[in-house]
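Have a look at the structure below, then the notes.
The analysis underlying the following values was restricted to heavy atoms, covering all of them including side chains, and did not include hydrogens, waters or symmetry mates. For reference, positions follow the sequence shown, starting with 1.
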Amino acid sequence: MMMKDILDALGLNPLYLAAGGAGGLLRALSSRRHSLRERVVSPFCGALAAGYLTATGVHLLRSLSVPLPDDPLAAFGAIGFLIGVSAMWISDAVMVAVLRRLGWNG
């Protein structure tokens, strides 16, 4: 089984993974206040978040009439990169919401 087959089975596009991973890497390298663990995990988190959220993000922006590049690859790459940069923040916010919903005050 080839890597592309595995990614297809998981519903992941390599372009989105690369864009999100690059965004996560930028986040990891650009801030001194994050721990080593966050810096190591950030590119992986960015890649996975972008892999699953990029198409939805582009669809949402188009439905809101946000101007996007005419080239679909550029639009998807840019949105994937932005999701990758903010993926750790997104995951923190989701976890806080889930924990609050479950009644955990930590």
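Applying the 4.5 Å side-chain rule to ILVMFWY residues, one finds that Phe44 remains a lone member of its cluster. Counting Ile, Leu, Val, Met, Phe, Trp and Tyr side chains that sit under 4.5 Å apart, directly or through other members, Met88 shares a hydrophobic cluster with Val41. Using a 4.5 Å cut-off between side-chain heavy atoms of Ile, Leu, Val, Met, Phe, Trp and Tyr, Leu36 falls into a hydrophobic cluster with Val40.
In the hydrophobic clustering of ILVMFWY residues, with side-chain heavy atoms under 4.5 Å counting as a link, Trp89 and Val96 come out apart. Cluster membership for Leu53 and Met95, using ILVMFWY side-chain heavy atoms within less than 4.5 angstrom, is not shared. Hydrophobic cluster membership differs between Met2 and Leu17, with clusters built from Ile, Leu, Val, Met, Phe, Trp and Tyr side chains linked at under 4.5 angstrom. Connection of Val58 to Ile83 is established within a shared hydrophobic cluster, with ILVMFWY side chains joined at heavy-atom distances below 4.5 Å, either directly or through further cluster members. No path of Ile, Leu, Val, Met, Phe, Trp and Tyr side chains, each step under 4.5 Å between heavy atoms, connects Val66 with Leu82, placing them in separate hydrophobic clusters.
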**Request:** Could you walk me through whether Arg39 and Arg32 pass the side chain to side chain contact (heavy atoms under 4.5 Å, CB included) test, one step at a time?
**Result:** CA-CA 9 Å; Arg39 290 181 185 194; Arg32 296 181 191 267; 3.9 Å; yes

**Asked** Given the rule in the side chain to side chain contact (heavy atoms under 4.5 Å, CB included) test, do Leu7 and Asn13 qualify, once you have shown the distances and angles that lead to the verdict?
**Response** CA-CA 7 Å; Leu7 293 176; Asn13 183 317; over 6 Å; no

**Request:** Dump the intermediate steps for side chain to side chain contact (heavy atoms under 4.5 Å, CB included) on Tyr52 and Leu10, then the final yes or no.
**Result:** CA-CA 10 Å; Tyr52 287 114; Leu10 294 172; 3.9 Å; yes

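Without hydrogens or angle criteria, Thr54 side chain to Gly51 main chain gives no donor-acceptor distance under 3.5 Å. In this structure, Ser35 contributes its side chain and Glu38 its backbone to a donor-acceptor pair below 3.5 Å.
Nearest heavy atom pair, residue Ala49 against residue Ala87, reads CB-CB, 3.6 Å. The minimum heavy-atom distance between Pro69 and Ala74, with the atom names listed, is CB-CB, 4.0 Å. Looking at every heavy atom in both residues, Ala50 comes nearest to Gly80 through CB-O, 3.5 Å. Nearest heavy-atom pair, Leu68 versus Ala75, reported as atom, atom and distance to 0.1 Å: CB-CB, 4.3 Å.
Applying the side-chain contact (heavy atoms from CB on, under 4.5 Å) rule to Leu102 yields the partners Val98; only residues at least two apart in sequence or on another chain are considered. Legend: residues meeting side-chain contact (heavy atoms from CB on, under 4.5 Å) with Leu26, ordered by chain and number and at least two apart, are Phe81, Val85.
Each salt bridge (Lys or Arg N to Asp or Glu O under 4.0 Å) pair with one or both residues in residues 3-27, not counting sequence neighbours, appears once here: Lys4-Asp8.
Put simply, CD1 on Ile79 and OH on Tyr16 are 11.0 Å apart, with the number rounded to the nearest 0.5 Å.
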